[in-house]
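What follows is one structure encoded as structure tokens, with my remarks underneath.
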Amino acid sequence: MKILVATEKPFAAEAVDGIGKIIRDAGHEMALLEKYTDKAQLLEAVADADAIIVRSDKVTQDVVDAAPKLKIVVRAGAGFDNVDLAACSARRIVVMNTPGQNSNAVAELAIGMMIYMARNCFSPGTGSEIHGKTLGIHAYGNVGKLVGRYGKAMGMEVYAYDPFITDKAVFEADGVVPVDSVEELYSKSRYLSLHIPATEQTKGSIGYDLLTSMPKGGTLVNTARKEVIDEQGLAQALEERPDLKYATDIAAGNQAELEEKFGKRVFGTAKKMGAETAEANINAGLAAANQIVGFFATGCTRFQVNKF
Ligand code: NAD
């Protein structure tokens with residue numbers, strides 16, 4: 001089988017070597033398309049691919065149409081909103097993600113961003129400490145759990161909300177207090193770490209009402225997706241509440257405007273970098289390769305995210 005690694009933003013070299021070894025050891029062939037600048041290059045590369053590994057690359061209807069032999073797409077990472085699931089399902093193409101493989105990298109960044117905001121973006125002046133403050137975890141998945149644990153280790157009082165986890169023992173095992181509504185979470189949290197996926201239900205769901213319900217000095221840290229933010233509501237909340245702060249790993253559509261208007265109260269990483277560690281690259285890349293090899297060897301569909 002021909003397995004294409006299509007990464008506009010390439011994996012670390014060590015990850016590419018490991019992926020290649022897994023693919024070749026299993027008797028398959030690897031093709032590599034890195035740093036492509038034009039969609040046409042991707043469309044050409046998928047023409048004879050049986051499988052594709054992508055990162056944030058968009059697998060849209062035209063990509064699926066250009067890939068007549070395609071049987072499986074693996075998104076090396078957690079979110080899979082860059083893959084058109086309906087287009088893949090219509091062709092019975094399996095789509096998988098690699099959950100948990102980059103969670104630690106994202107969780108460390110989230111904690112780092114909290115400290116950065118608490119210390120006035122590391123500029124002179126008196127900052128504050130995150131120790132002893134409340135931390136709300138919005139969505140208690142792979143990343144949220146780790147942020148909760150690290151927050152506890154930093155002496156924070158940690159709350160969490162995840163409507164899909166009904167067993168309270170999951171939270172309690174980590175010393176985290178589950179709350180019953182998203183409103184309760186925001187109203188309790190001096191720091192709020194966002195980990196919801198971008199879905200039809202969550203898009204634009206974090207805005208003015210939730211942000212202005214946060215306690216004095218409320219800081220929202222977004223390492224999830226920009227689409228979940230209602231950007232106008234965010235701007236309005238920052239305008240009306242001079243104590244609120246926003247740090248994001250995924251630049252808002254109005255990021256430059258926000259930074260200009262609100263100075264050090266708003267921070268965005270230059271480019272999405274939550275999963276940009278050598279360790280996360282290697283973990284997610286190797287997992288993607290192993291999942292494809294397993295799928296072709298035994299039909300294993302663990303981590304499949306689409307249904308058909
Ligand atoms: P995950 O799938 O392990 O966890 C997602 C959690 O969200 C689940 O526990 C689920 O129950 C919960 N959830 C779903 N809908 C919800 C809702 N409406 N309200 C509250 N909770 C809800 O995913 P993860 O690995 O923890 O990653 C979380 C998100 O972070 C991903 O979807 C992705 O968009 C983003 N992410 C960003 C980066 C980055 O580079 N910044 C890297 C990895 C993941």
4.5 Å side-chain heavy-atom contact, [X] and [Y]:
X: Val177; Y: Val158; answer: no
X: Tyr140; Y: Val176; answer: yes
X: His28; Y: Met1; answer: yes
X: Val5; Y: Leu33; answer: no
X: Lys272; Y: Lys226; answer: no
X: Lys188; Y: Val179; answer: yes
X: Thr134; Y: Tyr159; answer: yes
X: Cys300; Y: Phe295; answer: no

Is the closest side-chain donor-acceptor distance between [X] and [Y] under 3.5 Å?
X: Tyr246; Y: Asn222; result: yes
X: Asp84; Y: Thr60; result: no
X: Gln236; Y: Gln232; result: no
X: Ser103; Y: Lys145; result: no
X: Asp249; Y: Thr269; result: yes
X: Gln61; Y: Asp65; result: yes
X: Glu34; Y: Tyr36; result: no
X: Ser205; Y: Thr202; result: no
X: Asp180; Y: Tyr161; result: no

Give a yes or no on whether the backbone of [Y] and the side-chain of [X] come within a donor-acceptor separation of less than 3.5 Å.
X: Glu231; Y: Gly253; value: yes
X: Asp38; Y: Gln41; value: no
X: Ser181; Y: Glu184; value: yes
X: Asn281; Y: Ala15; value: no
X: Thr219; Y: Lys245; value: no
X: Arg75; Y: Gly79; value: yes
X: Ser187; Y: Leu185; value: no
X: Arg119; Y: Glu129; value: no
X: Lys216; Y: Asp243; value: no
X: Asp174; Y: Arg149; value: no

Give me the atom names and distance for the closest heavy-atom approach of [X] to [Y].
X: Leu244; Y: Ala237; answer: CD1-O, 3.8 Å
X: Asn102; Y: Ala275; answer: ND2-CB, 3.6 Å
X: Val221; Y: Ala110; answer: CG1-O, 3.9 Å
X: Gly204; Y: Asp230; answer: O-CB, 3.5 Å
X: Ala289; Y: Ile23; answer: CB-CG1, 4.4 Å
X: Ala49; Y: Leu4; answer: CB-CB, 4.0 Å

Are Glu157 and Lys152 close enough for a salt bridge, meaning some N to O gap below 4.0 Å?
no
Quick one: do Lys271 and Glu276 satisfy salt bridge (charged side-chain N to carboxylate O under 4.0 Å, His left out)? Show the steps, please.
CA-CA 10 Å; Lys271 201 166 185 190; Glu276 284 307 322; over 6 Å; no
Take atom [atom1] of [X] as the centre, draw a 6.0 Å sphere, and report whether it contains more than 12 heavy atoms from other residues, nucleotides or ligands.
X: Met30; atom1: CE; result: yes
X: Glu257; atom1: CD; result: no
X: Lys203; atom1: NZ; result: yes
X: Lys58; atom1: NZ; result: no

Calculate, to the nearest 0.5 Å, the distance between atoms [atom1] and [atom2] belonging to [X] and [Y] respectively.
X: Ile52; Y: Cys88; atom1: CD1; atom2: SG; answer: 7.5 Å
X: Ile292; Y: Ile3; atom1: CD1; atom2: CD1; answer: 5.0 Å
X: Ile206; Y: Glu227; atom1: CD1; atom2: CD; answer: 13.0 Å
X: Ile130; Y: Tyr150; atom1: CD1; atom2: OH; answer: 13.0 Å
X: Ser189; Y: Met214; atom1: OG; atom2: CE; answer: 6.0 Å
X: Leu109; Y: Thr277; atom1: CG; atom2: OG1; answer: 10.0 Å

Results of ring-ring contact (aromatic ring centres under 6.0 Å, His included) for Phe164 - residues two or more places apart only:
none
Looking at residues at least two apart in the chain, or sitting in another chain, which of them share a ring-ring contact (aromatic ring centres under 6.0 Å, His included) with Phe80?
none
Residue that, paired with Phe267, satisfies ring-ring contact (aromatic ring centres under 6.0 Å, His included) out of Tyr116, Phe122, Phe262:
Tyr116
Just jot down the side chain to side chain donor-acceptor pair (under 3.5 Å) partners of Ser193, sequence neighbours excluded, or say none.
His195
Run the salt bridge (charged side-chain N to carboxylate O under 4.0 Å, His left out) test on Arg55 and Asp57 for me, step by step, so that the C-alpha distance in whole Å, both residues' side-chain angles and the decisive distance to 0.1 Å come before the verdict.
CA-CA 5 Å; Arg55 299 188 71 208; Asp57 311 76; over 6 Å; no
Is the His138 ring parallel, tilted or perpendicular to the Tyr186 ring (thresholds 30°, 60°)?
perpendicular
Apply salt bridge (charged side-chain N to carboxylate O under 4.0 Å, His left out) to residues Lys2 and Asp48 and explain how you reach the verdict.
CA-CA 7 Å; Lys2 186 159 184 178; Asp48 59 351; 3.0 Å; yes
For Asn306 and Ser89, what are the C-alpha separation, side-chain angles and deciding distance, and is it a side-chain hydrogen bond (donor to acceptor under 3.5 Å, both in side chains)?
CA-CA 7 Å; Asn306 62 334; Ser89 299; 3.2 Å; yes
Dump the intermediate steps for side-chain hydrogen bond (donor to acceptor under 3.5 Å, both in side chains) on Glu279 and Asn283, then the final yes or no.
CA-CA 6 Å; Glu279 293 88 340; Asn283 292 344; over 6 Å; no
Where do Lys71 and Phe296 land on the side-chain contact (heavy atoms from CB on, under 4.5 Å) test, with the steps shown first?
CA-CA 9 Å; Lys71 297 160 191 70; Phe296 285 133; 3.9 Å; yes
